[in-house]
Amino acid sequence: MNIQEKVQKAIEKLYGTALNASQVQLQKTKKEFKGHLTLVVFPLLKISGKNPEQTALEIGEYLLKNESVFAEFNVIKGFLNLVIAPAYWIEILNTINSQAHYGTKNADSNAPLVMIEYSSPNTNKPLHLGHVRNNLLGYSLAEIMKANGYKVVKTNIVNDRGIHICKSMLAWKKWGNGETPQSSGKKGDHLIGDYYVLFDKEYKKELKELQANGLSEKEAEVQSALMAEAREMLRQWEAGDPETVELWKTMNSWVYTGFDETYKALGVDFDKIYYESETYLDGKEKVLEGLNKGVFYQKEDGSVWADLSADGLDEKLLLRSDGTSVYMTQDIGTAKQRFDDYPINKMIYVVGNEQNYHFQVLSLLLDKLGFEFGKGLVHFSYGMVELPEGKMKSREGTVVDADDLVTEMIETARETSNELGKLDGCSPEEAQKISYTVGLGALKYFILKVDPRKNMVFNPKESIDFNGNTGPFIQYTYARIQSVLRKATEQNILLPVEINKNILINEKEQYLVQLLSEFEGVVKEAAESYSPAIIANYIYELAKEYNQFYHDYSILREENKEMKDFRLMLSANIGKAIKTGFSLLGIDVPERM
RNA sequence: GGUCCGGUAGCUCAGCUGGAUAGAGCAACAGCCUUCUAAGCUGUGGGUCUUGAGUUCGAAUCUCAACCGGAUCACCA
């Protein structure tokens, strides 16, 4: 029986009436007051028939007499602040300490399976800051779902076909002189991206020339020879022209090699990758099936549509008049393949909020097509990453490249560490490892601590801070805890297995145990509300409180052995929670820094 | 215009299933390194929680309206 239940039962007994849980408002006591938990008595006034102070007093006295968990209480206005006995906190710490994986659950064989789609890059340019947020959120969400006992399949749908890749292919064919990642030393995705940019440049040039010859902008676009060539290439690709397909395969493989490097640097991975080139035909088939069943309808020009006006939306195109598929068609095909491949109970799409409408429609369409999971699909919708000057714009060259960003973060971490003398006496390998851990930790934490739904501002110039509410601060706290534990081992002090309940721990220590005990609930809440940010902010709170404690009390110099044992155990378990919490964010934690 | 999302300190963000005097970090200022790691700690200043109304014992939190910002409403992906 937890404390909430105990309190509810006691109040029921005191007044002789049944209560529902919402009437027992037990919350964490605000810091400026003494106590751990606070009962708000306003909802109980009708039952007690007395004023707030009297009611609180009455309940407090009753609880103190009948529940050994409580040591004392105080009443301020309508608030009953309850102080929990130190022994209870020690009991909790002992329990936490006995769990190897405190805060997380393992999936059992009949646990529900959740598939998480994230990343989903186009193959015509390298990953940028927006993708970074996507990847970090997706990976973290997967870890969080796992920690809550789900089976998780991480998946990636690669948008490998379409006019965009043809543009890069064409530019490379025309002006590339056979350049390869090997010959130029460029990373494959950047190489392709460069040709995509080159195409755009040449295309703009052509448009300008055409317009100079008196054509309107629209006419110029129609007459563009370059664009016509790109379209022709796409047709050839769809027709299976061997040469085009071969080039496509080669260039895509360069991109994948490049992406793999970026994914590896970010520490994200996938269990199953789908390619649009392999799913779009299935989508087409599904749509035609829907047409036959009368779920969709066809217009005179041959295009296929879904009428969603009954659901408050408008009409949506599913197949073009020439029979080719659109974005939505592909997503239907991909969904079909996935559910053929896995017994998926829950499907989560990590995709930016600019596609909210798309997923609203997809959900309805899948449902209409008879996929039972359609209605319940989750669009994990996250906000954009903006720069201090506003949005990232490729035309203005303000796009923050993922690889550059990672490199800079590691470099900044190295410089800062050097300045602080942290890397003195480290081997080059160790120094590199620490710089990587800290740099990536700063980046990941910075992005994940923000509520995913919100747009966020990222200032690359000031880079990311290493002080205050940051990843490195938390990593630093962890490293210090490890340092204490190492020193303890050196002094032949064994980590205690159980603490004597009767030692008197101070308020700060009680609070730390209380905070620690909330970890489990936080992990659960993060999964329910799909928010890594909840974990990030909690871990920061924990680390901050511990740092303050650490500053005020020395552990190894404590003379009282039981006290020393307690503090060691507390430290070890807070370290454990930080490590676990960070692993749910996909952030590593260094043993020393 | 329709739909959706957001607006909290100079800046970046917590808090939002209604509870006490709205919290952190950064930036500014003043202190603390013979003490288990100073990427730290302590203190000071900083607020019309966009605005207005409503619900209530009580509203940053819920409702409605307005204003501001963003997204979306393609035979683009």
Side-chain angles (χ1 to χ4, degrees), chain A residues 22 25 27 29-33 38 40-43 45 52 76-79 81 120 122 124 159 161-164 276 299 301-305 312-314 316-328 330-331 352-358 360-361 381 383-384 386 388 390-391 413 416-417 419-422 438 442 446 449-451 453-459 462 464-477 479-488 490-491 533-534 536-538 540-541 544 547-548 550-558 567-568 571 592-593:
Chain A
S22 67
Q25 287 187 32
Q27 49 196 245
T29 303
K30 292 218 166 200
K31 266 198 177 157
E32 56 265 38
F33 303 104
T38 296
V40 183
V41 300
F42 293 104
L45 298 185
I76 296 166
K77 290 195 244 171
F79 301 91
N81 298 322
S120 311
N122 288 337
N124 63 325
N159 304 312
R161 65 171 282 277
I163 193 78
H164 57 85
E276 227 166 53
K299 284 193 179 170
D301 62 3
S303 54
V304 179
W305 296 75
L313 305 172
D314 31 359
K316 190 78 194 169
L317 177 82
L318 297 174
L319 283 178
R320 297 191 186 98
S321 48
D322 63 3
T324 56
S325 54
V326 293
Y327 181 38
M328 189 62 77
Q330 292 159 10
D331 261 355
N353 62 11
E354 71 272 15
Q355 292 191 30
N356 284 354
Y357 182 71
H358 173 81
Q360 214 181 328
V361 172
S381 162
M384 318 181 74
E386 288 167 12
K391 280 184 238 170
T416 311
S417 300
E419 274 167 30
L420 295 169
K422 301 276 184 189
V438 174
F446 186 87
K449 76 172 176 192
V450 180
D451 184 336
R453 288 168 306 168
K454 289 189 176 177
N455 288 357
M456 61 175 290
V457 178
F458 182 91
N459 190 337
E462 291 174 15
I464 295 173
D465 230 317
F466 287 32
N467 302 317
N469 187 357
T470 64
F473 166 72
I474 295 164
Q475 291 173 321
Y476 170 71
T477 307
R480 287 211 300 201
I481 289 173
Q482 296 315 298
S483 176
V484 171
L485 297 179
R486 272 196 303 273
K487 294 240 154 80
E490 281 164 21
Q491 295 172 27
I534 292 175
N537 286 301
Y538 164 79
Y540 171 63
E541 177 78 11
K544 200 181 84 166
N547 246 312
Q548 289 168 6
Y550 172 95
H551 184 261
D552 291 345
Y553 304 100
S554 98
I555 295 166
L556 297 175
R557 242 172 292 113
E558 170 64 46
R567 287 181 181 159
L568 270 176
S571 300
R592 59 188 85 216
M593 67 184 272

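Chain A is the first sequence line, chain B the second, and so forth, proteins listed ahead of strands; every chain is numbered from 1. Since the model is a prediction, treat every value here as computed from it, not as a measurement.
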Would you mind pulling out the nucleotide paired to [N], Watson-Crick or G-U wobble, both distances under 3.5 Å?
N: B/rU61; result: none
N: B/rA30; result: B/rU42
N: B/rU3; result: B/rA71

Using a cut-off of 4.0 Å on non-hydrogen atoms, how would the nucleic acid contact of [X] be classed: base, sugar-phosphate, or nothing?
X: A/Gln25; answer: base
X: A/Glu276; answer: sugar-phosphate
X: A/Ser381; answer: nothing
X: A/Tyr357; answer: sugar-phosphate

Query - pi-stack flag for A/Phe33 and B/rA20, centroid dist under 5.5 Å, interplanar under 30° - result: yes
Query raised in the report: A/Phe79 stacking on B/rA20: centroids under 5.5 Å, ring planes under 30°?
Result: yes
Between [N] and [M], how far is it from one [atom1] atom to the other, in whole Å?
N: B/rC76; M: B/rC64; atom1: P; value: 38 Å
N: B/rC68; M: B/rU50; atom1: C1'; value: 8 Å
N: B/rA24; M: B/rG47; atom1: P; value: 15 Å
N: B/rU12; M: B/rA27; atom1: C1'; value: 11 Å

Quick one: does [X] reach the base of [N] with a side-chain donor-acceptor pair under 3.5 Å?
X: A/Asn467; N: B/rA38; value: no
X: A/Thr477; N: B/rA39; value: no
X: A/Thr470; N: B/rA39; value: no

Query raised in the report: Step by step, would you call A/Arg320 with A/Leu317 a side-chain contact (heavy atoms from CB on, under 4.5 Å)?
Result: CA-CA 7 Å; A/Arg320 297 191 186 98; A/Leu317 177 82; 4.2 Å; yes
Which of the following nucleotides, [options], is nearest to the side chain of [X]?
X: A/Asn122; options: B/rA77, B/rC36, B/rA39; result: B/rA77
X: A/Thr29; options: B/rC36, B/rA14, B/rA20; result: B/rA20
X: A/Glu354; options: B/rU72, B/rG19, B/rG40; result: B/rU72
X: A/Arg320; options: B/rG40, B/rA77, B/rC36; result: B/rA77
X: A/Tyr540; options: B/rA14, B/rG25, B/rG19; result: B/rG25

Do we see a donor-acceptor contact under 3.5 Å between the side chains of [X] and [Y]?
X: A/Asp331; Y: A/His358; answer: yes
X: A/Thr470; Y: A/Asp465; answer: no
X: A/Tyr476; Y: A/Asn467; answer: no
X: A/Tyr327; Y: A/Glu276; answer: no

Report task. Salt-bridge test for A/Asp451 and A/Arg453: reply yes if a basic N is under 4.0 Å from a carboxylate O, no otherwise. Result -> yes
Query raised in the report: Does A/Lys316 place a side-chain N or O at less than 4.0 Å from the phosphate oxygens OP1/OP2 of B/rU72?
Result: no
Query raised in the report: OP1, OP2 of B/rU37 versus side-chain N and O of A/Arg486: anything below 4.0 Å?
Result: no
Query raised in the report: Pick the nucleotide of RNA chain B nearest each of A/Asn455 and A/Asp451; which residue has the one closer to the 5' end?
Result: A/Asp451
Requested in this report: Starting from C1' on B/rU72, measure out to CZ on A/Arg453 and report it in whole angstrom.
Outcome: 18 Å
